[in-house]
Amino acid sequence: MRHLSVPSEQTQAWLQRCKANGWLAQSGVVEVDERHRGLPLNEAAPAEGDDCWEGFLHVEIEPRTRGPTHWTHHLPAPLQALPESTWPSSYETQGDVLIFKLDEASEPHAHAIAEAMLKQMPNVRIVCADAGVKGDFRVRDLTPLLSRDGSTVSATRVREHDQVVDVDPGEAYYSARLAQQRKNTYDEVQAFQQHLGRPVVVADPYAGVGPAFVLMLKHTGLLQGYLAGDLNPKAVDLMRKNIARWTRKNSTNFNPSTVVCKDARAWKNEPELSGRADVILVNLPHDSFEHLPDLFPLFVPQGEGLLRGWAIIERTSLDGRVEQLESLVRAAGGTPHDAHVLEIKDFSTTRCFVLFQTLIAWD
Ligand SMILES: C[S@@+](CC[C@H](N)C(=O)[O-])C[C@H]1O[C@@H](n2cnc3c(N)ncnc32)[C@H](O)[C@@H]1O
């Protein structure tokens, strides 16, 4: 294909000139030699020797066509002829793990899909099919389909708010989509710490791999200590690793600095876990309200506390939720202030995902 050979430093100027005159072909700029670049010319461009080229030569070079821009372009040709509805329209990546849902149409082509995805995305190591979230641990049911290096583990690393987080989508819950909620939680804890005028103890009994602490542990002077736990032993292993990494550069002697693998409802029976928290996070969306009565004893029994949680509720019950939250606090012997329950997003046609929060005075 015909290319105009120009000195490298004049590439932009000539690109603009050729484009403005409608002489540029669709393919990309190529390297002619160390000091010259080739601009692809179309049929409409004048012949070599025309004054417009100011003496620059034309050279015949293979055009640099752009590679495929979508993973489906790597599917074998007969499969590319199938209707677009055959193929998954979305996927999620956690670190180097790619996860997507198979349905009846795509299932027979699972291997070809995984192969095409690996070809298109050089940063993906393993492609897994996701059969949905299962059990109390809210872990995805993953089936490894194909891996670049033969390893079938789903353990990987992601970055959140500039920190490394060890995750394992096949073993423990983690959702990158909630990173903004965690940032908001950090802001609320910071405001509460300023209100109290001293560092606070934060309890997160449903902490998963611990992402709520990413920002808090980085902030010297915010936390006096932390109580973190989860019922899923795999999540707790990852959380221990994560917290150890996030606290490495923080010289604070956190007290308490406790990580446990335990049912949150049983924390109230443990002297080292009960009566110590200034802030409690409740992230068990399907059961948060039901667990609350067992969690109030974790608060320091005098002064003020901050309760913040997330729940999935019937939208028709939204109106009565602030009242319910306040009466649960009163039943535990506290006085609620500024209680609110805010819809964050739809969960299904009848249910929504809400944030609830209240200050509590214990005197
Ligand atoms: C929705 S996830 C939230 C995890 C974490 N807070 C986050 O934002 O990534 C709920 C977590 O609660 C844990 N869990 C379920 N039942 C529990 C219980 N009774 N006590 C403690 N943890 C529990 C699950 O293993 C899961 O990691």
Side-chain angles (χ1 to χ4, degrees), residues 92 94-95 97 99 130 132-142 154-161 163-189 202-217 226-243 246 258-270 273-274 277 279-298 307-313 344-345 347 351-357:
E92 180 189 334
Q94 272 191 31
V97 180
I99 300 158
D130 178 5
V133 169
K134 60 179 195 313
D136 282 348
F137 297 166
R138 313 298 301 155
V139 175
R140 295 152 189 266
D141 186 2
L142 293 186
S154 51
T156 186
R157 284 180 156 188
V158 297
R159 286 193 84 83
E160 178 168 323
H161 299 306
Q163 300 270 40
V164 171
V165 186
D166 272 291
V167 297
D168 189 336
E171 301 285 2
Y173 178 92
Y174 170 81
S175 170
R177 292 198 187 107
L178 297 175
Q180 184 55 42
Q181 280 300 316
R182 294 189 272 271
K183 167 72 171 69
N184 298 348
T185 297
Y186 165 68
D187 292 341
E188 290 291 332
V189 171
V202 173
D204 187 359
Y206 312 92
V209 302
F213 291 106
V214 162
L215 287 167
M216 289 190 254
L217 288 171
Y226 56 85
L227 301 159
D230 200 280
L231 196 54
N232 175 358
K234 296 277 175 39
V236 174
D237 286 348
L238 291 162
M239 172 163 44
R240 284 188 205 284
K241 262 202 213 173
N242 285 327
I243 290 183
W246 302 331
T258 307
V259 179
V260 291
C261 184
K262 207 178 253 308
D263 188 322
R265 290 165 294 188
W267 282 33
K268 60 182 186 299
N269 307 320
E270 308 281 336
L273 297 171
S274 67
V279 178
I280 299 180
L281 305 177
V282 188
N283 191 356
L284 190 66
H286 291 277
D287 301 298
S288 288
F289 274 81
E290 289 71 20
H291 279 220
L292 284 180
D294 287 309
L295 303 178
F296 290 120
L298 311 184
L307 176 72
R308 182 175 166 88
W310 296 266
I312 291 162
I313 60 166
I344 295 176
K345 59 178 180 178
F347 184 73
R351 292 187 290 171
C352 57
F353 187 73
V354 297
L355 163 77
F356 59 90
Q357 182 168 309

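In what follows, residues are counted from 1 in the order of the sequence shown. We count ligands from 1, going down the list as the structure has it; atoms in each ligand are counted the same way.
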### Query
side-chain contact (heavy atoms from CB on, under 4.5 Å) with Glu270: which residues, sequence neighbours excluded?
Lys262, Glu272, Leu273

### Query
How are the rings of Phe347 and His286 set to each other: parallel, tilted or perpendicular (split at 30° and 60°)?
perpendicular

### Query
Could you state the interatomic distance from CZ (Arg265) to CG (Leu284), rounded to the nearest 0.5 Å?
8.0 Å

### Message
Is it the case that the side chain of Trp246 and the backbone of Val164 share a donor-acceptor pair, with hydrogens and angles ignored and the cut-off at 3.5 Å?
### Response
yes

### Task
Could you verify whether a donor N or O on one side chain and an acceptor N or O on the other, from Asn184 and Glu188, lie under 3.5 Å apart?
no

Enumerate, one pair per line, all nitrogen or oxygen atoms of ligand 1 lying under 3.5 Å from a protein nitrogen or oxygen, stating the separation to 0.1 Å; write 'none' if no such pair exists.
| residue | atom | partner | partner atom | Å |
| --- | --- | --- | --- | --- |
| ligand 1 | 6 (N) | Tyr206 | O | 2.7 |
| ligand 1 | 6 (N) | Asn283 | ND2 | 3.2 |
| ligand 1 | 8 (O) | Arg182 | NH1 | 3.4 |
| ligand 1 | 8 (O) | Asn283 | ND2 | 3.0 |
| ligand 1 | 19 (N) | Asp263 | OD1 | 3.1 |
| ligand 1 | 20 (N) | Ala264 | N | 2.9 |
| ligand 1 | 22 (N) | Leu231 | N | 3.2 |
| ligand 1 | 25 (O) | Asp230 | OD1 | 2.6 |
| ligand 1 | 27 (O) | Asp230 | OD1 | 3.3 |
| ligand 1 | 27 (O) | Asp230 | OD2 | 2.7 |

### Query
Do Tyr206 and His291 have side-chain atoms, one donor and one acceptor, less than 3.5 Å apart?
yes

